[in-house]
Structures are given as structure tokens and as C-alpha cells.
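Below, chains carry the letters A, B, ... as their sequence lines are ordered, and counting in each starts from 1.
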Number of protein chains: 2
Amino acid sequence: MLNKVEETYNRIKDRINQTPVMKSSTLNEMLNCNCYFKLENFQKTGSFKIRGALNALTNLTPELKDKGVTTHSSGNFAQALSLASSLAEVKAVVVMPENAPKIKVAATKNYGAEVIFCGNKSGDREKAVQELIDKYGYTLIHSSNDIDIIYGQGTATYELIKEVGKLDYVFAPCGGAGLLSGTAIAAKSLNKETKVIGVEPKNADDAYRSLRDGRIYPSIDPKTIADGLKTQLGDITFKIVQEYVDEIITITEEEIVDAMEFLWSRMKLVVEPSGAVSLAGVMSGKIEVQSKNVGIIISGGNTDLTDYFEGWREKVEKLKL
Amino acid sequence: MLNKVEETYNRIKDRINQTPVMKSSTLNEMLNCNCYFKLENFQKTGSFKIRGALNALTNLTPELKDKGVTTHSSGNFAQALSLASSLAEVKAVVVMPENAPKIKVAATKNYGAEVIFCGNKSGDREKAVQELIDKYGYTLIHSSNDIDIIYGQGTATYELIKEVGKLDYVFAPCGGAGLLSGTAIAAKSLNKETKVIGVEPKNADDAYRSLRDGRIYPSIDPKTIADGLKTQLGDITFKIVQEYVDEIITITEEEIVDAMEFLWSRMKLVVEPSGAVSLAGVMSGKIEVQSKNVGIIISGGNTDLTDYFEGWREKVEKLKL
């Protein structure tokens, strides 16, 4: 499978960002280990999702490319598929719920995709997507449960290990597990000894329970600030997680905020809650990382800062008084 | 003077971070130019100030090193001198006003310096520092008006140009002009053609007026969110600015917030108001940068995020209801 990750990387590398790797001497001293942060918040569209989206589109047959693709997403995958469709010159139609944040709708349109709105109820999205497929023959691109998406997401870890060398551990967030599956395939392909740890919010622990009990649990409206991690496993990601992921650990909402605060205040990085979950896992102490080389996948940085900057604008108004 | 900057760089480079350079395709498309961001928010202590502080301490005679140093600061220089004193193994006593933010006092102590508090009135700091000098023979290290500080700050631009090649423009924020003076010396030493632009808040435009009228104006309690840029020019920095800086432009408080928002939202970088001022200058359109290679010095990222994360913690509490 190493061939697959390498092949994928070579296919997409010129159209994505080679994101930087950073270290924090403060964190390394706290935990007495060597942590390497792979910063996908600096990736195009603000998250790792462009890697998989671009790979999936590039791999379509010419006939399917001509027909176009569709997906439903209110989050990072909508923007990623939109930009990927422009880069790969494939028509894309993204179904978004009517209550999706305006800023995300605008970004998705801006990258080039057509946006179609659907209702906000459970099932509305799938229905709208199915109608498009029936009518226009679009190919559905799932945000995580798709082997081309998975290989694409794996290229982040491939880049990381090629840059920093052998890792004892890699921590990645787990939602639908497209990123976690790709991380595991990339890490194990390069070195079987590297342990791959998935990190999931305790309040959205369906993947943790699925791995424990050997069956896929649904994810039903979980209460977490990590809104990118609410998706459940699919048949493909479940199988890869079972085979290649060493452990899934869970962390609290408070631990997510603490990890975010460390990233923002100490490391000066804007990271969204879902993106800080892997660091929260490392900081939780549930895995003994002392003296180890540890990769931490920071998955994205798309969080709405409108209110925060409204606060700055109010400060500026007050200065005038 | 190139020798001086190179010499300084070689002396301090192993004890500072070689900070990353980033680009923004969005900004480059907006302005039709090539902008290179030099990210000193990723520097040790969260700002460029460690460069100058370390250089100043390293250059002291053994006798003066034995006696120790002092300064007054409520901002980034306090932390920088504190860490520099630990790195250079020189005792440092930092005078801070009693109303200095607790988080900055804690950071300054944490890096190793002794902190002595003074009153909050104008003149209290200078008096307290003078008492320490008279009593213990400490050397005063000024945060900007000191040639060793200036050479040290210039190493950021030296690194930038060594990495990206010839620049047509460099934009740097202007407060006491330690950074701006160093930027100008470094840029002009490497290439006389490079234009150096200082950017100052309109509400704190003492340097702009000083350069225009050929005399140093005092900076009297300016109303700006860029709290790192309230200092006035000194005799040394004024002379260097007159000789090597091509122009000082001013920007509004609103433009500072817009530039910050771009850096945080689009580029995922935590940058303090003073650090965003150089980008605000570029975005203001006051200098024609079309088709040019433009360096933008992002000076620091130390802004208090306590309230912002309090907001996240409240969200987490609400999820429990």
C-alpha cells in the first residue's frame, strides 16, 4: 500500500500546499518527548480535505469526469471538493443545508462549485444528492468512506514522515475516519512499528465503541464543539481502522478547549476544535509518550471569527470617545 | 553595515528561531504582487524582540555582564530581555508598572528575570530604573534606541531576504523604530534599490511627523489598539530612519483590524494588532506594489486570548444542558 500513498502523493503534490511542520519546546519539556505538528490548517481551503478530494477527482475515468460529481457537506469537505473540482476541471455540485453558515456557503461558491440548498432535517441531504445523481448521472464523492479519499488524506502523514523521519506515534482526530485511515496506511507502510492513535471526543465516541465491539455504531447528534468529528464510520474506514489503527482514545470537551488554547496562545496558530483534538489526546496522558517521537496531525483551522473581530471593532469605536 | 548585520546574525542565530516565511495566494491575487510574510509571531517569546535583546546582552563587556542589566517594559521587550538574559547568562531586572497584565508579568518571571514593580504614572518607570542603576550599577538596555538592539532586529529581514531573494519593498511597523531601523539597515545593505516603508497607526503618528518635520515629536498617550507602537523615536533610531527609510505611511485603527482579520481568518495566524500594521500598510494601497516582490514583517503574536477561550468554555458548559 506504500506504493498507493506514494503514487497518490506524486499525483497531487503540485496542486496542494506542502504544509509546514512545527515543534514546541514548551510542549516537549512538559511531556519530555519530541512532538512534530503537521499543520494542515495551512493547507489550501484551511484543512487536509483538499488532499483526498483532489485525489478522488483525479482518479475518475474521463467519462465520469465529463458528467461531474456531487456531495453533501456543511463543513470543510464542501470547500475542499469545490476547489478540487476547479483544479481538476470537473463540474461539482455541493448540497448544503439551508442553515449552513453563510461564510462557508460563500467560500464553497467562491472556489467554483455550484451550491444547491436542501432542508435542515436528517435525511434531507442524502435525498437531495440522490435526486441529482438520478437526474444528471453525477458521481457521489463521499467525504471519508472512499478509498481514493483515504489515500489522499494519508499524504499528510507521508509528507510528515518524509520530512522528520521515523515516528514512534502518530495522533490523528477521528470523525468518519478518512483522515485516520489514511494516516494509519501511510504510517504503517513506511514503518510497521509506528503506533497510530485515533482521538475522538468522548461526547462523539461512536468510533471508539465501534472498534471495541467490532460493529459500526451510528453517530446520533453528538454534543461536541468538534463539529468536524460528528460523522460515523463507513464500511471501508471501519475495516481499515480495525486493521491498522492501534488504539482510539477519547477526550473531553474541556480538554479540546485547553489544547486549542495552547495552540493559539503559545504556538500562535489558529486551529479549529476538531483540529486540536489530536493534541488534546497527546496532552491527556492516556498514551505514554515519554522520550518518543510523536507526530500530531493538526487537521484544520476553519473557525468562524466574525464575533471575535466584532469585539475588536467595538474596541476601536470606544477609542474614539 | 552589512558586515554588522551578518556578524550579528552569526552571533545569535543558534539561540533564536529561524522563523518561517509564508505566502498568501489570495493576497497576491488581490494586489497582483508577490508578498512574503516574515513570521516573527513564531519567534521565541512571541515577537522579534528577542533578536535585539540577545544581541545587546551578548555584546556587553564581561564586567558589565557580571553586574547585570535592567529595563522597563510592560510589553514584548520585558519577556524578550528576560529570556535573553537566561540564554546569555546575565542577571536582568525588569521594571514593570503595577497595572501590567498578569499574564505578561508571569511570562517575564518565567523566562528568568527578576521583576520589580513601579507606579503606573508617567515617569515612574524611568525613576525606578534609575534607582536600580544608581544602586547596583546595572546597564540600561533600551528597547529600541540602541544600536545593538537595532542590528539584532535587522536579522529578521536579513533572514527573509537570504531565503526569498531580492525584494522591491519591505514593510515594517514603526513604534520606537528599533525594528524599522534594523529592517532598513539590513535591506539597504543587501540591496540599495529595496524600498523600506515604515507603517504607523494614524492615531500614533509621531514618527511620521518627525520624519516630515526633521525633529523628534513626543508620543503622548496615543489611542491605538497597536499597543506595541506607542513609543516615540530616540536620537539613534531617528537618524537611521532619516537616512535609510524611504517613507512612513499611516493607517487607521479599522485598517489594523481588517489586516488582523485577514491574517487570522485566511492565513490561520495569531498576530497582535502591532504585528498586523505592516500588512495594513500594504493593503492600504498608499504604495503602488503591483508586480513587485514585497516583504512584510509580521512582528509578533502576543495578544491576550483569555476572554476568547472563556467564550469557548461557556459553549462547552451549555452543551451539558
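When the shell of 6.0 Å around OH of Y208(B) is examined, it contains 12 or fewer heavy atoms from other residues, nucleotides or ligands. For R209(A), the CZ atom is densely surrounded, since the number of other residues' heavy atoms within 6.0 Å is greater than 12.
Comparing L263(B), T306(B), I256(B), I225(B) by how many heavy-atom pairs each has under 4.5 Å with chain A, the most go to I225(B).
A heavy-atom distance below 4.5 Å is found between the side chains of V316(B) and V257(A). Side chains of W312(A) and T303(B) form a contact here, defined as non-hydrogen atoms less than 4.5 Å apart. Between Y308(B) and D307(A), the closest side-chain pair of non-hydrogen atoms is not below 4.5 Å. Looking at heavy atoms from C-beta onward, P20(A) lies in side-chain contact with M22(B) at the 4.5 angstrom threshold.
Considering all non-hydrogen atoms of both residues, K223(B) and L319(A) come closest at O-CD1, 3.8 Å. When all heavy atoms of M260(A) and F309(B) are compared, the pair lying nearest together is CB-CE2, 3.7 Å.
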Checklist entry - Where do R313(A) and D258(B) land on the side-chain contact (heavy atoms from CB on, under 4.5 Å) test, with the steps shown first? => result CA-CA 9 Å; R313(A) 293 192 171 91; D258(B) 290 345; 2.9 Å; yes

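Neither the backbone nor the side chain of E272(A) has a heavy atom closer than 4.5 Å to any heavy atom of chain B. Using a 4.5 Å cut-off between heavy atoms, T224(A) contacts chain B through its backbone alone, with no side-chain atom that close. Both the backbone and the side chain of N302(B) have a heavy atom closer than 4.5 Å to some heavy atom of chain A.
A donor-acceptor contact shorter than 3.5 Å is absent between the side chain of K268(A) and the backbone of N41(B).
A salt bridge is defined here as a Lys NZ or Arg NE, NH1 or NH2 lying under 4.0 Å from an Asp or Glu carboxylate O, and K320(B) with E254(A) meets this definition.
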